[in-house]
Amino acid sequence: PARLSLQLGSAPTNQARVQRVKEVVSQMDIKCTLFEIALRRGATGGYGFRLGSSRSVGHIVAHVGGDGPAAGRLPPGDMVLAVNHHLLLR
């Protein structure tokens with residue numbers, strides 16, 4: 001699956017945290033594409049996706065709602081490594 005760092009709301013970019021995410025990804029023993037998407041809350045107050053199982057770093061996207069902010073931008077099966085540039089570590 002693709003890997004990504006997820007920017008939610010209007011949190012500012014912190015270059016030190018971005019660099020840390022990149023360092024962790026480079027140390028992982030897998031080939032992956034690292035990209036970032038920005039989502040704003042939808043009309044219902046959510047982002048339109050649900051996370052499922054976790055790994056030592058990151059969480060798998062389990063479900064994406066058809067009409068939420070994540071629709072068409074965040075497919076199920078992708079792995080979220082960071083939110084607002086904070087690594088998701090178990």
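All values reported here derive from a predicted model rather than from experimental measurement.
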Checklist outcome for this item: Tightest non-hydrogen contact, residues G66 and A71, listed as O-CB, 3.4 Å

Item to check | M79 vs V61 side-chain heavy atoms within contact, under 4.5 Å | outcome: no

Checklist entry - Any side-chain heavy atom of Y47 sitting closer than 4.5 Å to one from L74? => result no

Next on the checklist: Could you report the tightest heavy-atom contact between G46 and P69, atom names first, then the distance?
Outcome noted: O-CG, 3.8 Å

Checklist outcome for this item: Closest non-hydrogen contact found for P76 with A62 is CB-O, 4.1 Å

